Amino acid sequence: MSQLLDTILSRSNMVEAYNQVKVNKGSAGIDGITIDQMDEYLRQYWRPTKELIKQRKYKPQPVLRVEIPKPNGGVRQLGIPTVMDRMIQQAIVQVISPLCEPHFSETSYGFRPKRSCEKAIIKLLEYLNDGYEWIVDIDLEKFFDTVPQDRLMSLVHNIIQDGDTESLIRRYLHSGVVINGQRHKTLVGTPQGGNLSPLLSNITLNELDKELENRGLRFVRYADDCVITVGSEASAKRIMY
């Protein structure tokens with residue numbers, strides 16, 4: 001077992017992940033195990049689960065698909081992993097997030113430590129006050145559902161370079177989804193609702209950030225919402241076309 005996976009599965013990291021999942025609360029996954037039942041469940045199943053992970057034999061449960069109404073109409077599809085899988089995903093995030101941070105852009109704000117929606121708005125106001133008053137809004141439609149998994153795992157490898165941990169992450173991408181009692185494969189995308197998804201989305205969209213930086217553009221990105229500010233209508237049209 002690699003040192004990175006050993007750190008992820010360490011008692012101190014798992015306890016921290018367990019506490020975070022309890023704080024976040026949330027519904028049960030497809031196995032019906034609730035947060036309140038977590039203590040007893042882990043006492044019974046954590047040790048064999050840990051052994052399976054170490055041997056690259058662990059199979060995460062499919063996520064439960066639910067639809068959340070959007071304020072402006074339509075629905076957002078969320079995947080609810082089991083409590084056990086939420087804890088394991090959280091443990092992965094806690095260890096690999098600090099490895100990813102140095103690679104990320106200064107102007108990406110979503111799902112990152114010590115960053116917030118408010119800070120993203122403040123940065124945007126700075127651009128506007130500096131005279132960059134024309135806005136190009138990039139809307140990445142259905143981003144989470146369309147991420148190419150092989151490309152994503154290649155980007156993950158570039159950062160962490162650890163086969164054991166990458167194998168576990170890929171298993172979460174392939175874990176499948178249950179919709180109305182029917183199981184479906186997940187060969188593309190990263191399901192919204194999992195603890196890993198925000199970090200994986202930032203790893204993917206970091207390519208967009210770097211491209212915008214290379215072009216010398218002023219932008220702010222929060223998750224899959226990206227706003228570019230420029231000084232004239234002509235510049236805005238150039239970016240769009």
Side-chain angles (χ1 to χ4, degrees), residues 1-64 79-104 111-114 147 149-150 152-177 186 189-204:
M1 180 173 64
S2 71
Q3 188 173 351
L4 189 66
L5 188 59
D6 191 42
T7 304
I8 289 168
L9 297 176
S10 68
R11 178 171 176 77
S12 59
N13 190 57
M14 292 309 304
V15 167
E16 185 182 341
Y18 165 86
N19 289 332
Q20 189 59 54
V21 169
K22 287 198 86 167
V23 167
N24 290 345
K25 298 183 179 175
S27 305
I30 65 162
D31 61 359
I33 303 296
T34 65
I35 297 288
D36 293 336
Q37 298 168 314
M38 197 172 170
D39 287 12
E40 185 58 39
Y41 186 78
L42 289 173
R43 268 194 286 275
Q44 191 172 350
Y45 291 107
W46 172 241
R47 277 194 179 163
T49 299
K50 182 178 178 179
E51 281 306 308
L52 288 173
I53 293 172
K54 286 160 71 172
Q55 296 167 21
R56 293 198 188 185
K57 292 179 179 176
Y58 178 65
K59 291 184 178 179
Q61 300 248 38
V63 300
L64 180 64
I80 303 175
T82 63
V83 171
M84 174 77 89
D85 284 324
R86 294 211 289 276
M87 187 180 78
I88 297 168
Q89 287 190 36
Q90 179 63 29
I92 297 170
V93 169
Q94 287 167 185
V95 172
I96 71 170
S97 182
L99 304 178
C100 299
E101 275 298 310
H103 297 268
F104 290 162
F111 311 116
R112 293 179 61 192
K114 298 178 182 175
V147 173
Q149 292 181 356
D150 285 343
L152 167 56
M153 289 309 304
S154 172
L155 295 171
V156 170
H157 172 73
N158 291 343
I159 295 173
I160 69 172
Q161 298 184 351
D162 183 80
D164 285 344
T165 305
E166 290 166 40
S167 171
L168 183 57
I169 292 171
R170 190 180 284 275
R171 282 173 180 268
Y172 275 109
L173 292 176
H174 289 172
S175 62
V177 61
T186 46
T190 167
Q192 285 179 270
N195 299 53
L196 259 172
S197 293
L199 179 59
L200 295 180
S201 70
N202 273 332
I203 291 172
T204 304

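Remember, it's a predicted structure, so these values are computed and weren't measured experimentally. All heavy atoms count here, side chains included; hydrogens, waters and symmetry mates do not.
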For a 4.5 angstrom cut-off between non-hydrogen side-chain atoms, does S201 reach V147?
no
Please assess V21 against E16 for the test side-chain contact (heavy atoms from CB on, under 4.5 Å), listing each intermediate value before the final yes or no.
CA-CA 9 Å; V21 169; E16 185 182 341; over 6 Å; no
So do the side chains of I96 and I169 get within less than 4.5 Å of each other, counting heavy atoms only?
yes
Point-to-point distance, once rounded to the nearest 0.5 Å, from CE of M38 to CH2 of W46:
10.0 Å
For residues 82-89, which side-chain donor-acceptor pairs fall under 3.5 Å, sequence neighbours excluded?
| unit_1 | atom_1 | unit_2 | atom_2 | d |
| --- | --- | --- | --- | --- |
| T82 | OG1 | D85 | N | 3.1 |
| T82 | OG1 | D85 | OD2 | 3.1 |
| D85 | OD1 | Y58 | OH | 2.6 |
| D85 | OD1 | Y172 | OH | 2.8 |
| D85 | OD2 | Q61 | N | 3.0 |
| R86 | NH1 | S27 | O | 3.0 |
| R86 | NH1 | P81 | O | 2.8 |
| R86 | NH2 | K25 | O | 3.4 |
| R86 | NH2 | S27 | O | 3.1 |
| Q89 | OE1 | N195 | N | 3.0 |
| Q89 | OE1 | L196 | N | 2.9 |

Spacing of C100 atom SG and H103 atom NE2 [to the nearest 0.5 Å]
7.0 Å
Are D36 and K22 close enough, and set up right, to give a salt bridge (charged side-chain N to carboxylate O under 4.0 Å, His left out), and what steps lead you there?
CA-CA 8 Å; D36 293 336; K22 287 198 86 167; over 6 Å; no
Tell me, do M153 and L173 make a side-chain contact under 4.5 Å, heavy atoms counted?
yes
Interatomic distance, H157 atom NE2 to I203 atom CD1 [nearest 0.5 angstrom]:
13.0 Å
Kindly give the heavy-atom pair with the smallest separation between G163 and R56, and that separation in Å.
C-NH2, 3.2 Å
Working to the nearest 0.5 Å, report the span between OG1 of T34 and CG of D31.
9.5 Å
Does atom CD of Q55 have more than 12 heavy-atom neighbours from other groups under 6.0 Å away?
yes
Looking only at heavy atoms, what is the nearest atom pair of T7 and N13, with distance?
O-CB, 3.5 Å
Closest contact, heavy atoms only, L200 versus L152
O-CD1, 3.6 Å
side-chain contact (heavy atoms from CB on, under 4.5 Å), paired with K54, selected from D164, D6, L9, L168
L9
Measure across A91 and A17 and return the closest heavy-atom pair with its distance rounded to 0.1 Å.
N-CB, 3.7 Å
Under 3.5 Å: donor-acceptor pair, side chain of S154, backbone of D150:
no
Looking only at heavy atoms, what is the nearest atom pair of L5 and T165, with distance?
N-OG1, 3.8 Å
Show the numbers, then the answer: is there a side chain to side chain donor-acceptor pair (under 3.5 Å) between Q94 and Q90?
CA-CA 6 Å; Q94 287 167 185; Q90 179 63 29; 3.2 Å; yes
What distance separates I80 CD1 from L64 CG, expressed to the nearest 0.5 Å?
5.0 Å
Measuring from Q44:CD to D39:CG, what's the distance to the nearest 0.5 Å?
13.0 Å
Scanning both residues in full, the closest heavy-atom pair of N202 with F111 reads ND2-O, 3.8 Å
